[in-house]
Number of protein chains: 2
Amino acid sequence: MAGQDSNVRENAGTEVGEDQRVRRITLHDQVVTRLRDLIVEGQLAPGSRVPERELCERFDISRTPLREAMKVLAWEGLLDLSPNRGASVSEVSIEAVDEVFPVMGALEALSGELACRYVTDAEIEAINACHQRMVRHYRRRQLDEYFRCNQEIHEAILRAARNPTLARTYQGLSGRVRRMRYIANLEQSRWDQAVSEHEDMLRALHERNGEALAHILRTHLKNKLDAVKDYLVQRKGTTDAD
Amino acid sequence: MAGQDSNVRENAGTEVGEDQRVRRITLHDQVVTRLRDLIVEGQLAPGSRVPERELCERFDISRTPLREAMKVLAWEGLLDLSPNRGASVSEVSIEAVDEVFPVMGALEALSGELACRYVTDAEIEAINACHQRMVRHYRRRQLDEYFRCNQEIHEAILRAARNPTLARTYQGLSGRVRRMRYIANLEQSRWDQAVSEHEDMLRALHERNGEALAHILRTHLKNKLDAVKDYLVQRKGTTDAD
DNA sequence: CGATTGAATTTTGTATACAATTTTGGCCTA
DNA sequence: TAGGCCAAAATTGTATACAAAATTCAATCG
């Protein structure tokens, strides 16, 4: 009876569930994706102001779709908007990391539990294949490819949780954290640890041990964010006195 | 050092933390709040289409700020947008409730734990006062006033968690659920139960027992959503055959 | 020489105009 | 009469124009 349910959604670009049947994507949707990538990849430095004019020229569009996109990114927390004073890329502070962690941690743990409940054998196999690819990239020290597989795995788990609301909520937060991986490059010891944690994940998924997977995902996230925080502390030390 | 932090935020209307020093609120911010209220209060029926023209006339504004507001509400999940085909109010289905519960439950539990960690005696006292008011309204069967106190308490707990990201994320989801309280009116037995659960909450908060509060909040939410689901099932039964 | 005030410039907020797509209604045909 | 096709209307997507606020910079005053 409820026909309106599986409609095309906004921000299709970063959704976990893929409805790729949309051929005509609106301009501001593209802008949301492209602008988010710009921020996430650090091409727009945290704290820097973002005049509308500049972005209009860069994307070669008018202000209307750009502003609509900026509203969404402000809601996601990637931009700070001040009335009549414009937009600036939100800062990545240690406090922000500490603030985001418990929330993402709770969601990540939940996704682990739900994923173990609903994941299919085929999905586990696919995730396993992706994991093996990731390990190969890890051995060859191919950072970019490694990250791509890494994110693919996390998205697959999120998808296996069979909860679009969870996925959307998590992704909304992850943008703020994802860019940190560009800011803080992986140290070798942390990298070894991360791969080891991923092994644990796969095992828990195989055994469909939701509690274990939840715990691993949470720890995994915490370790990752701690690494980012270390980097931020260190960086702060170079600019501040003492 | 990071000066951009405590800037005015978008959607100030429903934030938990109150920065009321802003005198000049932009038009689309007002529209976000007003349109959300319209949806939450059920004045725009779930599933109904929402032509821009109509809302422009109702709010007496042009399409530009309205569209910016609609983008945000679509992100919140209150509106479904289809390119070139307009907006419709998202449906409130049983599946949607089941989907939202685990996510909100996890966040609610988290807020309980954090609140017990950071809440001050003064805050507990304020919450307690609000609780007493709520009980009075409950005894007098004043539904609207009861709900107002109820929401105030939940917001106070969320605020005590000292985590704006958590608050924002939770509020983003709560809009979808809040309107259900208008759809499904409280039955007496459920009402008794809810008040009793609130007593438990206050006790846990007093004892600063985070684990207990987390559990109570989660159960409280589950009971509330179950009541909504019962109502939806019943309602569906009257329209569908069997 | 520094601070303050005020006009010019820039930037944002809102409204309107134009283009493109979808929906609707009617007409024609099989 | 039913179905399909084309045109007209309505609705959405985008661009531009105008208004208001904020920033800048310089000139004047202390």
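Here is the naming used below: chain letters follow the sequence lines, and residue numbers restart at 1 for every chain. Computed over heavy atoms, backbone and side chain alike; hydrogens, waters and symmetry mates excluded.
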Note to self: Under 3.5 Å, is there a donor on one side chain and an acceptor on the other for A:Arg63 and B:Thr64?
What the structure shows: no
Check: Rounding to a whole Å, what distance do you find between A:Leu81:CG and C:dT12:P?
Finding: 10 Å
Note to self: Could you work out, with salt bridge (charged side-chain N to carboxylate O under 4.0 Å, His left out) as the rule, every residue matching B:Glu68, not counting sequence neighbours?
What the structure shows: A:Arg67, A:Lys71
Check: By side chain to side chain donor-acceptor pair (under 3.5 Å), which residues pair with B:Gln30, not counting sequence neighbours?
Finding: none
Checklist line | Ionic contact status for A:Glu123 with A:Arg162, cut-off 4.0 Å | finding: yes
Note to self: Output one letter per nucleotide in nucleotides 10-17 of chain D: B when a protein non-hydrogen atom lies under 4.0 Å from the base, S when only the sugar-phosphate is that close, - when neither is.
What the structure shows: --BBBBBB
Item checked: Nearest-0.5 Å distance, NE2 of residue B:His28 to CD1 of residue B:Ile61 -> 10.5 Å
